[in-house]
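So the structure is just underneath, and the comments pick up after that.
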Amino acid sequence: MKRVLLAFAAALAWVADAGASGDYGPQYTMFKAWSAPDIPLERFQAGELGVLQPGMRRVYLYTAWRAIALGPGVASSPGLAGGLARADGSAFGHGWTGAGTEPDPALAARLATLLHLPAGDPALRQLGACAPASNDHALGVFRSASARADATPARLDAWVLAQYRVGEACQAADDWRYRYGSDKPPALTAPAPLAAGEPAYWRQLNEYQRAAWAFQSAHYADSTVLFERIGATPGHPMRELGAYLALRSEVRNAVAADIKKVDPARREQQARALEQRGAAILKDASLASMHEPTRALLRAMRAGLTPETRLRALNRYLDNPAADPYALDRLGDWAILVDSAGTQMPDLQAGHDFIDWIETLRGCRGRAAATACPLAAAHAGERWQQTRSHPWLVAALMLAESAPPALLEAGLALEPDDPAYVTVRYHLARLLRLGGQPGQARAIADALLQRKLSPGTRNLFREERFAVATSVRDAGMYLLRTNVDYAQMAPEAREDMINDDGLDWLNGGLPVTDLIDLAGLASLPQALRARIAGAAWIRAGLLDKPEQGRQAGALLAQLVPSIADAVSRHGRATTAVERRHVVLAAALRFGLAAQLGMAAEPVAPVAPGEATASGWCSFRPHSRLGDVVLVGGREAPGFGWRFPAMPDTGHAALRQQEMARLRSLKTATGTLGDDVMAWAARHPADPELPWLLYVVVQSTRGGCLDPDAGSLSRKAYTLLHKRYGGSEWAARTPYYY
């Protein structure tokens with residue numbers, strides 16, 4: 001029943017909830033808990049906040065504001081156990097969707113026989129299309145009915161068919177709620193009533209199913225009458241549910257109307273009448289099991305029918321951090337209503353400090369962050385100066401790009417047991433780094449990384465530590481991150497992926513000699529070391545650095561013994577052209593690339609027919625979404641803490657020299673194609689050439705291409721068919737692109 005109630009309450013604002021789930025904006029990555037904490041909610045509720053993010057939903061930011069305002073005592077403050085999980089809907093699954101459950105196999109098999117459907121037919125899923133709690137209740141009823149002495153196959157079949165009709169109505173209502181366009185709900189068939197001569201028990205079960213069908217089909221007047229009759233019938237198996245479900249029908253009917261078209265006074269009158277009906281249920285001791293659902297229903301009714309009144313009351317209550325926000329699920333109701341506040345938000349922000357704090361942070365979450373964040377940062381700084389409160393200290397540090405000494409001093413004075421401590425230390429490390437104090441930033445990051453942290457929190461401190469690394473190998477120790485999304489599903493998730501800071505560093509911040517040094521770091525996974533060594537080997541070939549090529553090749557052969565023959569051939573090559581060709585051909589056969597990706601798969605031979613030149617698109621710098629935006633017609637940087645920073649590990653002149661040469665290259669397809677065509681002119685008998693020409697043509701089908709890709713494709717195709725027309729690879733190349 002509680003699941004049904006939450007689904008009903010959330011459905012009042014399903015559009016707002018869907019929008020909240022869209023908080024995954026341009027700043028979101030899989031490496032930080034952007035819209036929701038990756039810390040168990042019981043611990044988050046008790047003050048273990050990790051590093052707060054501006055993209056978090058309001059329900060989490062309120063919880064954080066309260067914890068920070070209360071300080072270390074929040075863990076012992078009043079609060080319903082599991083209150084935050086109820087408030088955000090996670091305690092009930094996906095509260096804003098009507099998704100049901102898999103139907104019971106026995107029921108599905110019986111229905112398949114009745115409808116003459118094959119097992120597994122999608123239509124059979126209608127039996128589980130209602131809310132999970134409703135499905136569980138229905139299954140319990142069927143099992144109880146099946147155990148009765150008067151349970152005949154015909155009566156059980158009639159119940160299953162009627163329940164199928166109820167499920168059909170649930171599915172249609174769910175489909176229509178999330179429809180596109182203006183289609184009307186489909187016309188459905190109601191469950192047939194049982195004959196008057198059937199025993200009362202079976203007729204009463206059928207009556208309940210017909211009432212449920214009417215409710216799910218939005219025939220609220222009919223469902224109200226049927227549920228009232230059920231509640232007024234002594235001995236009815238569903239009597240306890242009757243009055244409550246009749247009230248629920250009335251509430252659903254009231255909130256189904258467009259409230260913007262109903263006079264507020266009229267809505268208030270309706271709400272009071274419904275509360276009177278609810279009060280009658282609450283006074284009836286025989287309906288004690290329905291008292292809590294009734295209270296929840298009345299709260300949901302107020303949220304849907306008189307949202308302005310309800311939101312004002314909740315704002316006044318939540319203004320006091322010492323009040324229990326989880327009692328009567330006030331925070332859950334507030335989260336739904338405030339997410340729909342729209343144009344009211346500026347007034348709410350002006351009238352309530354906690355809303356001002358939340359909205360100031362959330363102003364930095366979207367595409368306009370580069371223009372909005374400086375304004376928000378200034379406001380947060382002013383509010384901290386005025387209040388000297390811990391919540392505004394956190395906001396000021398979170399949004400600042402530089403910090404006055406007084407702000408840094410206040411942050412450094414925060415005690416380790418303060419709920420804000422981890423967030424504050426992270427931003428102190430960031431601000432000290434930006435302020436040219438890498439040693440202090442390193443010390444803060446090192447100290448926090450000794451703690452047990454959630455994956456998203458640990459990632460952020462590793463980013464800061466990586467950004468102030470003192471050497472290539474020091475940076476390598478902090479290169480890898482954990483996929484936060486995966487970690488929440490799999491406790492064994494590891495630090496095995498690379499974020500943008502690492503990719504920028506590996507692909508544009510290191511000369512070949514440093515890549516070789518990094519590939520020798522034994523603490524890195526072997527697959528990643530092999531990929532780094534492979535990138536160094538390719539770049540050495542492209543840059544004609546034979547000694548570094550031999551070093552990289554030797555390390556690569558140690559890590560990937562199957563590539564040893566190609567490395568040996570490279571070592572025997574006597575010219576830059578030959579070394580380059582050997583490297584490019586081997587890169588195709590083993591899927592090596594001159595640039596790294598976010599995940600490093602083990603290096604292994606590639607099937608010849610699947611090889612393509614995909615080692616790089618371009619070595620030119622790229623701009624990630626949000627890094628640079630236009631402000632007043634000029635480029636302005638986004639807030640630096642949004643995107644991780646690349647460390648400066650030295651050798652700047654060498655790096656710039658190498659990157660300048662690499663940036664002048666074509667794409668991998670163009671570079672390979674030019675190399676193969678030139679090699680074919682000098683070495684026409686090379687047995688690899690038919691395959692290499694095939695790869696060149698296949699690589700021009702799409703992906704990163706140069707302006708002359710079409711001409712290259714045609715030349716390779718023509719040469720392949722003219723010189724090697726009888727080869728397997730010519731037969732597999734019927735077109736050029």
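Numbers here are sequence positions counted from 1.
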Point to revise | Side chains of Ser223 and Arg248, donor plus acceptor under 3.5 Å | key: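 There is no such pair (donor and acceptor under 3.5 Å, judged by atom type) between the side chains of Ser223 and Arg248.
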Exercise for review: Answer yes if the side chains of Glu268 and Thr306 hold a donor-acceptor pair under 3.5 Å, and no otherwise.
Suggested key: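 Note: Glu268 and Thr306 side chains miss the donor-acceptor criterion.
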Quick check for you: to the nearest 0.5 Å, what is the distance between [X] atom [atom1] and [Y] atom [atom2]?
{"X": "Glu102", "Y": "Asn135", "atom1": "CD", "atom2": "CG", "value": "10.5 Å"}
{"X": "Ser76", "Y": "Leu70", "atom1": "OG", "atom2": "CG", "value": "9.0 Å"}
{"X": "Arg110", "Y": "Leu161", "atom1": "CZ", "atom2": "CG", "value": "10.0 Å"}

With sequence neighbours excluded, tell me which residues meet side-chain hydrogen bond (donor to acceptor under 3.5 Å, both in side chains) with [X].
{"X": "Thr482", "answer": "none"}
{"X": "Gln204", "answer": "none"}
{"X": "Glu308", "answer": "Arg267"}
{"X": "Ser217", "answer": "none"}

Review point. Is the number of heavy atoms from other residues, nucleotides or ligands within 6.0 Å of CZ (Arg203) greater than 12?
Key: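 Yes, enclosed.
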Not counting sequence neighbours, which residues clear salt bridge (Lys or Arg N to Asp or Glu O under 4.0 Å) with [X]? List them please.
{"X": "Asp150", "value": "Arg148"}
{"X": "Arg312", "value": "none"}
{"X": "Arg229", "value": "Glu207"}

Point to revise | ring-ring contact (aromatic ring centres under 6.0 Å, His included): pairs with one or both residues in residues 110-142, sequence neighbours excluded | key: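 Applying ring-ring contact (aromatic ring centres under 6.0 Å, His included) to every pair that reaches into residues 110-142, excluding sequence neighbours, yields His137-Tyr208, Phe142-Trp159.
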Exercise for review: Please list all pairs passing the ring-ring contact (aromatic ring centres under 6.0 Å, His included) test where one or both residues lie in residues 287-330, with sequence neighbours left out.
Suggested key: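 Residue pairs passing ring-ring contact (aromatic ring centres under 6.0 Å, His included), neighbours aside: none found.
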Check your understanding: Does a salt bridge link Arg165 with Glu168, judged by any charged N lying under 4.0 Å from a carboxylate O?
Key ->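 Looking at Glu168 together with Arg165, the answer is yes, because their closest N to O distance falls below 4.0 Å.
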**Study point:** Residues that His352 engages under ring pair (Phe, Tyr, Trp, His ring centres under 6.0 Å), provided they are two or more places apart
**Key:**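 Ring pair (Phe, Tyr, Trp, His ring centres under 6.0 Å) list for His352, sorted by chain: empty.
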Check your understanding: Does Phe354 have any ring pair (Phe, Tyr, Trp, His ring centres under 6.0 Å) partners at least two apart in sequence or in another chain, and if so, which?
Key ->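 With neighbours one apart ignored, the set is Tyr62, Trp65, Trp334.
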**Study point:** Selection residues 69-79 - residue pairs positive for salt bridge (charged side-chain N to carboxylate O under 4.0 Å, His left out), sequence neighbours left out
**Key:**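 Output for this query is empty, none listed.
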